[in-house]
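Encoded as structure tokens, the structure appears first; notes follow it.
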Amino acid sequence: MAVEKPEEYIKFMTGKMIEMIETPQGARKENRKKAKAAREPWLTRWFGMGGLGVMQMFRSDPREDG
């Protein structure tokens with residue numbers, strides 16, 4: 001896929017870099033923590049609801065079944 005307008009891409013990337021540089025380090029760390037907390041658990045991301053179901057099956061208390 002060829003880039004049709006490299007000037008626009010360079011402007012975009014420059015703007016993003018300047019925005020990151022001007023943001024205080026504490027704010028960047030806080031944004032990373034929020035993004036990490038908002039992510040789904042790795043089991044769900046990798047295996048979907050099937051993996052979640054298997055995990056629930058193994059975590060269930062065997063005394064509940066009978």
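Only this structure's heavy atoms are used, side chains among them; waters, hydrogens and symmetry mates stay out.
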By side chain to side chain contact (heavy atoms under 4.5 Å, CB included) - contacts of E8 (at least two apart): K5
Which residues share a side chain to side chain contact (heavy atoms under 4.5 Å, CB included) with K36, sequence neighbours left out: R39
Parallel, tilted or perpendicular: rings of W46 and W42 (30°, 60°): perpendicular
How many angstroms lie between atom CD of Q56 and atom CE of M49, to the nearest 0.5 angstrom? 9.0 Å
Kindly write out the residues that satisfy side chain to side chain contact (heavy atoms under 4.5 Å, CB included) with A27, not counting sequence neighbours, or none if the list is empty. T23, P24
Of K29, E30, K34, which is the lone residue that meets side-chain contact (heavy atoms from CB on, under 4.5 Å) with R32? K29
Consider only side-chain heavy atoms of I, L, V, M, F, W and Y, link residues closer than 4.5 Å, and tell whether F12 and I10 are in one cluster. no
What residues, two or more places apart in sequence or in another chain, satisfy side chain to side chain contact (heavy atoms under 4.5 Å, CB included) together with I21? none
